[in-house]
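What follows is a single structure, written as structure tokens, with notes after it.
Throughout, residue positions are numbered sequentially from 1 according to the sequence presented.
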Amino acid sequence: MNLENLGLSSKDLQSSRIRQLDINTSNQIAAGEVIERPSSALKELVENSIDAGANLIEIVYSNGGKSFLSVKDNGYGINKEDLSLALSRHATSKISTIDDLTTINSLGFRGEALASIGSVSELTIKSKFIEANEAFEISSKYGALKQLKPSQYLEGTLIEIKNLFKSIPARLKFLKTDRAEGISILEVVKKLALSNPEIGFKLYEIKEEGNPREILRLDNSAGSHGLSKRIKEVLKNAFMENSHQVDYKSESVKVTGYIGSSTFISGNANNCYFFVNGRFVRDRSLLSFIRLAYGDLLEKSGFPSAILFLNVPSEDIDVNVHPSKMEIKFKKLEVIRKCLKEAVRKSLNVERFNARSHLSKQAYSYFRKDPGFKNPQRTAFSDNRRQSFNPGLALSLATKVDPKDDITLENKHERSPENNRLGTPKAHLFKNFIVAQNDNELVIIDQHAAHERILYEKLKSQKYDQGIAIQELLVPEIVEFTNVEVDAIIEKQSIMKQLGLEIERFGPASICIRGIPAVLGDICPKTLLIDLLNDLENFDSTESLENKIDKVFSSMACHGSVRSGRILKYEEMDTLLREMENTPNSDQCNHGRPTYLKLDLKKINKLFGRTS
């Protein structure tokens, strides 16, 4: 084959020759891997400040960090002889040899950040080394170094970035609005602040009209309560009021932090923060493990809130996966899964009737006076015929009040709040909700959700004890299938037995149901069988049999629980409440939804303007 056959000439081939890129071009290409946007540059600079032992870091930005971004710290600074080297690629003080990559204990180590930033911006570094008597500074303009010179800077290090990506218009074009980039900067600071409560952070934005505007100020939060204080300052939501502390340690892994209650959920994973050896990481496996650990306490479409710190032997992780250093590989992923599962489940094993304050506040917000409501006595006061008072009606209403319903000082002490925490049933509303009253709270219970959890826990308890109690049918039920379907169903006969459903082949194309779980009561055997078969088919093949069975139990409990729309008698309501008080996790149904809400007497009085 010759060039003519390919339609090429010798001149055409010259353009395909391999050439060495100049240092400036290669640096800008490398910068694109490390510095994606202003917040990426900020992350690298702040991590350097943390590695330098700073306990106060000040950040200032303008135009979303595009035109100006600075990081000032009070760390131990950079030696004069090292300033020029700091702007060279692959220059770092964190590691020395390839062997050091297996035991990285610092946030930075690649030696690329400053060189990458310097190649795509106007960069100035001012620093005073802790053992030196004077400070020095060095600048770089899109990769071109300027001469090192003395500086009037007094302590630590100050790095200023101007006109980021101005030399790369294509990259600049793909940045988001100033507001969006500013939010990204704030999120980076929050993540770094959460993992370093002992460090103070200040974040300012410079607007065109004048002085810097303070965006965030976080003082040093040292001590035993430093993390919880920092979380409250950073998140500014009800997370801490609805969280459980995590403190778990295995032979090689330690898990600490906080996880939200299983009703404190959101529609995305934005409230999940994972830190491995102090480094914020994005890892789908960790998120998946957390959701699995919540199990049936978590709503299927919901995401929990979590701020978790994993301390893992440095030789068991690989942080050199991506230039951003936010991805990580675990050498013993199964160990991490087990530790997270145990840590979360141990933490969630708390008092089962722990009030959910975020739900209480939400419920309280619903009790508002309708602005469209008009006082009929006031609007029709001039018409005396319409407003005639009927003393007979008032008397009949008053006599309907049961004196036993009033919790007086005499009978208040006869009750045990500890044994009657969900109170006494007072009413049944909308054919689904039980209204109860305890010593100082109004309680509203979803009867279907509550009974569903009770049945589910009974099924699980029986499985782990003596096995599911089976109630034999007086008249076995025959269900028709095809020959192939019957063969497939019989293969699951042993699993069905574990689920409390006793079946056997009845001819070539039929299944005979001889028994159903006794705890489910009066249900349709045929419907139960078909639904169980569908459930078993839909579950992930990689799931353990135990997880599959527990999920099927959840479906079975839904079938057997008292339905919405059924009016309960007083005895039935009372029995349901007492069962809830003795059932684990009964504050939520199997799908993560709350089973009851409470409104305390103080808030009720406040709604009506009463002081007591």
Side-chain angles (χ1 to χ4, degrees), residues 39-40 43-44 46-47 50 104-109 184 186-199 226-228 230-232 234-235 237 239-240 242-250 252-262 264-295 297-298 302-348:
S39 58
S40 304
K43 173 182 174 294
E44 299 291 341
V46 174
E47 286 182 345
I50 295 172
I104 293 174
N105 296 311
S106 58
L107 296 176
F109 62 89
S184 181
L186 177 60
E187 288 302 312
V188 167
V189 175
K190 285 181 176 181
K191 292 180 177 73
L192 292 166
L194 284 173
S195 59
N196 298 278
E198 72 285 355
I199 299 177
L227 177 59
S228 61
R230 176 57 58 88
I231 292 173
K232 289 180 181 179
V234 170
L235 297 189
N237 59 20
F239 173 77
M240 286 305 300
N242 296 278
S243 65
H244 307 295
Q245 188 170 9
V246 177
D247 190 359
Y248 175 84
K249 187 175 183 180
S250 68
S252 60
V253 178
K254 184 177 182 181
V255 184
T256 58
Y258 294 87
I259 56 172
S261 65
S262 44
F264 191 75
I265 61 173
S266 61
N268 54 50
N270 291 344
N271 290 329
C272 285
Y273 299 85
F274 298 105
F275 302 88
V276 179
N277 294 357
R279 184 192 308 278
F280 173 77
V281 298
R282 295 195 200 101
D283 192 284
R284 291 184 178 180
S285 296
L286 296 180
L287 179 61
S288 175
F289 294 160
I290 287 293
R291 297 190 73 190
L292 287 173
Y294 274 81
L297 297 179
L298 188 68
F303 289 83
S305 297
I307 299 175
L308 291 177
F309 299 83
L310 284 76
N311 286 333
V312 183
S314 54
E315 61 270 18
D316 288 345
I317 58 174
D318 182 3
V319 298
N320 191 27
V321 177
H322 190 274
S324 68
K325 304 188 296 294
M326 284 197 292
E327 296 180 16
I328 196 169
K329 279 189 177 180
F330 295 95
K331 294 180 181 178
K332 300 177 181 178
L333 194 59
E334 182 61 21
V335 172
I336 301 299
R337 184 190 69 80
K338 289 181 179 179
C339 287
L340 280 177
K341 177 182 177 181
E342 290 300 317
V344 171
R345 293 195 172 182
K346 178 182 177 183
S347 177
L348 290 176

May I ask you to test the F289-K341 pair for a side-chain heavy-atom distance under 4.5 Å?
-> no
Would you name the heavy atoms of Y294 and S305 that are closest together and state the gap between them?
-> OH-O, 4.0 Å
Could you pull out the closest heavy-atom pair between K346 and Y248, with the gap in Å?
-> CD-CD1, 4.4 Å
Compare all side-chain heavy atoms of T256 with those of L308 and state whether any distance is below 4.5 angstrom.
-> no
Once you round to the nearest 0.5 Å, how far does CG of L333 lie from CG of D283?
-> 7.5 Å
Below 4.5 Å, heavy atoms only, C-beta onward: do K254 and D247 meet side chain to side chain?
-> yes
Taking every non-hydrogen atom, the tightest pair across G226 and P197 | O-CB, 3.9 Å
Starting at CZ of F303, measure out to CD1 of I290 and round the result to the nearest 0.5 Å.
-> 13.0 Å
N271 side chain near F239 side chain, heavy-atom distance below 4.5 Å = no
May I have the step-by-step check of side-chain contact (heavy atoms from CB on, under 4.5 Å) for H244 and S261, ending in yes or no?
-> CA-CA 7 Å; H244 307 295; S261 65; 3.9 Å; yes
Given side chains that start at C-beta, do those of S285 and I336 come closer than 4.5 Å, heavy atoms only?
-> no
Value rounded to 0.5 Å, distance of NZ in K332 from CD in E315 = 8.0 Å
Could you walk me through whether V335 and F330 pass the side-chain contact (heavy atoms from CB on, under 4.5 Å) check?
-> CA-CA 9 Å; V335 172; F330 295 95; over 6 Å; no
Search all heavy atoms of L340 against all heavy atoms of A293 and return the closest pair with its distance.
-> O-CB, 4.2 Å
Quick one: does S243's side chain have a donor or acceptor within less than 3.5 Å of a partner on M240's backbone?
-> yes
Under 3.5 Å: donor-acceptor pair, side chain of K190, backbone of L235 | no
Spacing of CD belonging to E47 relative to CZ belonging to R279, to within rounding of 0.5 Å | 6.0 Å
Taking the side chain as C-beta and beyond, is there a heavy-atom pair between V276 and V312 under 4.5 Å?
-> yes
Under a 4.0 Å N-O cut-off, is there an ion pair linking E342 with K338?
-> no
Rounding to 0.5 Å, atoms OH (Y273) and CD1 (I307) come to a distance of 6.5 Å
Run the numbers on V189 and V46 for side-chain contact (heavy atoms from CB on, under 4.5 Å), then give the verdict.
-> CA-CA 8 Å; V189 175; V46 174; 5.8 Å; no
Under a 4.5 Å cut-off applied to non-hydrogen side-chain atoms, are L286 and L310 in contact?
-> yes
Any V344 side-chain heavy atom under 4.5 Å of V246 side chain | no
Report the residue from F309, F274, F275 that forms a ring-ring contact (aromatic ring centres under 6.0 Å, His included) with F280.
-> F275
Heavy-atom closest contact (L292 atom, R345 atom, distance) | O-NH2, 3.6 Å
What heavy-atom pair brings C272 and P304 nearest, and what distance separates the two atoms?
-> SG-O, 3.0 Å
Just by distance, do the side chain of R230 and the backbone of E198 share a donor-acceptor pair under 3.5 Å?
-> no
One should read off an interatomic distance between I317 CD1 and K331 NZ, to the nearest 0.5 angstrom, of 9.0 Å
